[in-house]
Novice: 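Just passing along the structure, written as structure tokens.
Read the numbers this way: they start at 1 and go in the same order the structure lists the ligands and their atoms. All heavy atoms count here, side chains included; hydrogens, waters and symmetry mates do not. Residue numbers start at 1 and run along the sequence shown.
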Amino acid sequence: MSRDTLTVTDNRTGATYEIPIAQGTIRAMDLRQIRTGAEDFGLMTYDPGLTNTAATKSAITYIDGDQGILRYRGIPIEQLAAHSSYLETAYLIIFGELPTAAQLAQWELEVGHHSMLHTNIQHLIEAFRYNAHPMSVFISATASLSTLYPDARQIADPANRLLQVQRMIAKAATIAAFTYRHNQGWPNNYPDDGLSFVGNFLKMMFRMTEVQYQPDPVLERALNVLFILHADHEQNCGTNAMRVIGSSQADPYSALAGAAAALYGPLHGAANEAVLRMLEQIGSPANVPGFLRRVKAGEERLMGFGHRVYKNYDPRCRIIKRTADEVFQVTPRNPLLDVALELERIALQDEYFISRKLYPNVDFYSGLIYRAMNLPASMFTVMFAVPRTCGWVAQWMELVADQEQKISRPRQIYIGSPTRDYLPMAARGAAPEGVGA
Ligand code: ACO
């Protein structure tokens with residue numbers, strides 16, 4: 001009869017151990033008993049980048065990377081993109097169920113109430129140079145919210161947690177818009193409760209002198225879809241940062257700033273900005289084969305391609321491509337689109353990319369949509385961070401309520417010097433080449 005266990009024989013000692021398997025996983029601490037003697041610390045696993053380590057149990061987002069499946073709370077992303085609004089999806093992600101009409105109206109009202117930004121934070125944003133990278137400003141402004149809301153440290157109080165969650169979702173959009181306005185040298189537009197979350201965001205970003213700003217319905221719909229697609233993505237680099245900082249019981253604004261900082265890297269959320277710069281560098285479809293030759297030679301990286309989890313296709317990319325087509329109907333045609341299409345066409349037929357299972361990811365087309373909306377490339381990652389805030393805060397709520405979680409503290413394999421004595425300066429030889437040069 002089969003048992004849900006793993007039998008391990010340690011060939012160093014000949015000892016055999018039976019380790020329980022639950023949900024396709026063994027507990028790393030069960031390996032600690034495998035020792036060669038009393039002095040041995042016990043067996044550990046080595047997993048740089050945590051490529052095969054489950055650091056939490058989560059009920060929020062399900063991904064099957066081989067099948068190209070993404071679901072929030074069990075609902076396929078395709079259905080949410082077709083029928084839901086960003087705030088409704090945020091409610092689902094945070095509370096686990098779709099809201100009733102009354103719950104949604106209350107939720108929209110509450111989030112709307114928190115969209116104003118204290119003038120201290122406005123002044124903070126204005127204190128940065130006009131050309132400061134918007135993502136650096138976004139990270140600083142979200143971190144500084146903890147100075148305004150010191151009550152956020154009461155993380156054991158569920159009502160207080162919910163209040164901070166509403167604040168974070170609402171203020172992320174206002175911070176992003178005010179950062180953009182400062183970057184452009186334009187005065188801020190204050191939030192407008194008469195619009196949807198996304199419509200209000202568009203107004204805060206783009207209203208100029210119109211008496212009655214009405215967001216373009218195609219752009220509002222497109223941004224709504226993009227916000228839904230970016231709302232959560234289980235244990236990625238930014239979310240892991242949110243959980244690692246949250247595990248020390250730091251306030252959620254500090255954790256949010258850390259998550260945004262992780263998103264800022266070009267291998268993560270800043271890939272959309274890097275894609276656009278890459279397309280600009282390639283310049284025209286005729287230069288695509290030469291660029292791909294350099295990628296294959298290891299001299300360049302094809303930004304917007306490849307994913308740690310998706311090894312078939314990124315389901316978000318398929319929806320984004322459709323959304324991009326809609327946006328391009330109402331905006332001037334961008335010649336970089338032809339470069340992107342040619343890159344995708346050739347790469348998908350090329351053995352290098354096929355054998356490594358490299359497909360376009362969410363960032364390949366999102367940058368082109370943002371560019372069509374007239375946004376500078378430096379704003380693209382901020383456009384990612386605004387909706388991802390709801391995923392970060394949902395994951396933080398889950399972490400705080402999870403009795404199994406502990407402060408995040410990995411192990412290491414020490415490869416440095418064995419113990420040695422401090423040498424007085426006079427007794428030290430010449431520095432090895434390169435050290436202190
Ligand atoms: N261009 C060229 N080669 C690539 C690319 C790429 N974009 N991505 C992976 N490869 C190659 C690697 O060089 C490696 O080749 P090798 O086996 O010959 O050494 C192989 O494919 C496997 O790649 P890994 O780096 O091991 O894959 P990993 O899962 O660690 O990395 C990542 C995933 C970081 C997303 C990577 O594919 C990448 O750098 N992509 C470009 C950046 C990007 O678009 N990031 C956005 C991801 S989506 C998001 O974060 C929102």
Novice: Quick test: of every protein heavy atom, which one is nearest to atom 30 (O) of ligand 1, and how far off is it to 0.1 Å?
Specialist: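 The closest heavy atom on the protein side is R308 NH2, 3.0 Å.
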
Novice: Report the part of N236 in contact with ligand 1, treating N, CA, C, O as backbone and CB onward as side chain, heavy atoms under 4.0 Å; options are side chain, backbone, both, neither.
Specialist: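 Within the 4.0 Å criterion, N236 makes no contact with ligand 1.
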
Novice: Tell me: protein heavy atom nearest atom 42 (C) of ligand 1, and distance?
Specialist: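 Checking every protein heavy atom, the shortest distance to atom 42 (C) of ligand 1 gives M303 CE, 3.5 Å.
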
Novice: For the pair H133 and Y264, name the ring-plane relationship: parallel under 30°, tilted 30 to 60°, perpendicular over 60°.
Specialist: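 It falls in the tilted class, 30° to 60°.
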
Novice: Report the relative orientation of the aromatic rings in Y86 and F227; use parallel for angles under 30°, tilted for 30 to 60°, perpendicular for over 60°.
Specialist: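 Perpendicular, since the angle between the ring planes exceeds 60°.
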
Novice: Of the protein's non-hydrogen atoms, which lies at the shortest distance from atom 41 (C) of ligand 1, and what is that distance?
Specialist: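 I find the closest protein heavy atom is F305 O, 3.3 Å.
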
Novice: Would you call D350 and K296 a side-chain contact if the rule is heavy atoms closer than 4.5 Å?
Specialist: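 Counting from C-beta outward, D350 and K296 do come under 4.5 Å.
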
Novice: Could you work out, for atom 25 (O) of ligand 1, the closest of R301, H268, R356 by heavy-atom distance?
Specialist: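 Among R301, H268, R356, the closest heavy atom to atom 25 (O) of ligand 1 belongs to R301.
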
Novice: Does the plane of the ring in H233 sit parallel, tilted or perpendicular to the ring in Y310? Use 30° and 60° as the thresholds.
Specialist: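 Answer is tilted, since the angle falls between 30° and 60°.
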
Novice: Which bit of N361 gets closer than 4.0 Å to ligand 1, counting heavy atoms only: side chain, backbone, both or neither?
Specialist: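 Near ligand 1, N361 shows its side chain, while the N, CA, C and O stay back.
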
Novice: Which is it for T51 and ligand 1 at heavy atoms under 4.0 Å: side chain, backbone, both or neither?
Specialist: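 Neither; no heavy atom under 4.0 Å.
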
Novice: Do M116 and Y190 come within less than 4.5 Å of each other through their side chains, counting heavy atoms only?
Specialist: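 Side-chain contact under 4.5 Å: yes.
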
Novice: Please work out whether any backbone atom (N, CA, C, O) or any side-chain heavy atom from C-beta onward of Y352 is under 4.0 Å from ligand 1, and answer side chain, backbone, both or neither.
Specialist: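 Just the side chain.
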
Novice: Under a 4.0 Å heavy-atom limit, does V295 contact ligand 1 with its side chain, its backbone, both, or neither?
Specialist: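 Contact part for V295 vs ligand 1: side chain (C-beta onward).
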
Novice: Looking at E398 and K57, is any side-chain nitrogen of the basic one under 4.0 Å from a carboxylate oxygen of the acidic one?
Specialist: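 E398 and K57: not salt-bridged.
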
Novice: Do the side chains of D151 and R167 get close enough for a salt bridge, i.e. N-O under 4.0 angstrom?
Specialist: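 Looking at D151 and R167, the cut-off is met.
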
